[in-house]
There are 2 protein chains.
Amino acid sequence: MIESAIFKALADPTRCAIFEKLAAGGMNASALRQGMAISQPAMSQHLSVLRNARLVREERQGRFVHYEVDPEGLTLIGGWLAKYRAYWPARIDDLQALLKDMDP
Amino acid sequence: MIESAIFKALADPTRCAIFEKLAAGGMNASALRQGMAISQPAMSQHLSVLRNARLVREERQGRFVHYEVDPEGLTLIGGWLAKYRAYWPARIDDLQALLKDMDP
DNA sequence: TCGTTACATAAGCGAACACTTATGTGATTC
DNA sequence: GAATCACATAAGTGTTCGCTTATGTAACGA
């Protein structure tokens, strides 16, 4: 099942934090480690999982690798969520308000 | 981290399938097992995980327990997704169209 | 009350997971 | 071309996960 793969990628708190950090701005793997008690191989493995889930994408920049949020993963989750819109609460308006609040 | 808990609940393909089945209509645990090669304790454990993640809620009906989708979990995912709306693709309109398509 | 039904919980086991240390690979600098 | 830096990969290990069988509990019917 494809959908469970992307959820599995987000099932780990460390990967959630990495993704959240990247959402605040793309950066390379070393910069990501700053302030996170995590080894270099662990970070590399987490990024690999996030990349396979299409939550993150990479771009070689010399000897650095720039990582950033891949909108594709978020779209996949959005699509999954949309399948169950019938069960969204009446508070869906609240959610839309939240969406507006999140606008830059 | 709270958000990773709900993703962990959906990280298992079997639980994904259970949730999807419940989304098509609430039913009891025995009915859920129909057509799914899964033992009774396994089903019970999966439902427990989904319930703790607020993806599913239960209601005692005699000696049956009726399970149904809990909108709360979907709202939590929606809230998580909303945090990263800045990274939603320009195709967000496509998603909204998809949302409309999903309307009953 | 006795048996059955519907479900939950306990305990144990193999597989997957997240981490570690060690090593490999590719790009820059000297 | 040698050393170094940024990162990936390999191999090993403790923990977690999802399953199993066995047992417990609550509700119903005879």
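Just so it is clear: chains get the letters A, B, ... in the order the sequence lines come, proteins before strands, and each one is counted from 1. Below, each value reflects all heavy atoms present in this structure, side chains not excepted, and no hydrogens, waters or symmetry copies.
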Item to complete: Kindly write out the residues that satisfy side chain to side chain contact (heavy atoms under 4.5 Å, CB included) with S39(A), not counting sequence neighbours, or none if the list is empty.
Response: P41(A), A42(A)

Practice prompt. Just jot down the side chain to side chain contact (heavy atoms under 4.5 Å, CB included) partners of S30(B), sequence neighbours excluded, or say none.
Written response: N28(B)

Worksheet item: Does R54(B) have any side-chain hydrogen bond (donor to acceptor under 3.5 Å, both in side chains) partners at least two apart in sequence or in another chain, and if so, which?
Response: none

Nucleotide N/O of nucleotides 11-18 of chain C paired with protein N/O under 3.5 Å:
from	atom 1	to	atom 2	distance (Å)
dA18(C)	OP1	R15(A)	NH2	3.1
dA18(C)	OP2	R15(A)	NH1	3.4
dA18(C)	OP2	R15(A)	NH2	3.4

Discussion item. Using the side-chain hydrogen bond (donor to acceptor under 3.5 Å, both in side chains) criterion, which residues pair with R63(B)? Sequence neighbours excluded.
Written reply: none

Worksheet item: Listed by chain and number, what are the side-chain hydrogen bond (donor to acceptor under 3.5 Å, both in side chains) partners of Q45(B), not counting sequence neighbours?
Response: none

Practice prompt. Sequence neighbours left out, what pairs pass ring-ring contact (aromatic ring centres under 6.0 Å, His included) with at least one residue falling in residues 15-47 of chain A?
Written response: F19(A)-W80(B), F19(A)-Y84(B)

Discussion item. Using whole Å, what does the distance between atom C1' of nucleotide dA8(C) and atom CG of N52(B) come to?
Written reply: 13 Å

Practice prompt. Strictly below 4.0 Å, heavy-atom distances to any atom of DNA chain D: list the hits from residues 31-39 of chain A, or just say none.
Written response: none

Worksheet item: Of all heavy-atom pairs between I18(A) and M36(A), which one has the smallest distance, and what is that distance?
Response: CG1-CE, 3.9 Å

Worksheet entry | Annotated protein contacts, base or backbone, on nucleotides 22-30 of chain C with a non-hydrogen cut-off under 4.0 Å, one of B, S, - each | B----SS--

Item to complete: Would you name the heavy atoms of L47(A) and A29(A) that are closest together and state the gap between them?
Response: CD1-CB, 3.9 Å

Practice prompt. Please name all residues satisfying side chain to side chain contact (heavy atoms under 4.5 Å, CB included) with S48(A), sequence neighbours left out, ordered by chain then number.
Written response: R51(A), N52(A)

Discussion item. How many whole angstroms separate atom CZ of F64(A) from atom C1' of dA8(D)?
Written reply: 16 Å

Item to complete: Enumerate the residue pairs fulfilling salt bridge (Lys or Arg N to Asp or Glu O under 4.0 Å) with a member in residues 21-40 of chain B, sequence neighbours excluded, ordered by first and then second residue.
Response: none

Item to complete: Provide, to the nearest angstrom, the distance between the CE atom belonging to M43(A) and the C1' atom belonging to dT20(C).
Response: 16 Å

Worksheet item: Hey, is the side chain of Y67(A) poking within less than 4.0 Å of OP1 or OP2 on dA8(D), counting only N and O atoms?
Response: yes

Fill in: Counterpart residues, side-chain hydrogen bond (donor to acceptor under 3.5 Å, both in side chains), relative to E59(A) (two or more places apart)
none

Practice prompt. Measure from the side-chain heavy atoms of E58(B) and tell me the nearest of dC7(C), dA8(C), dA8(D).
Written response: dA8(C)

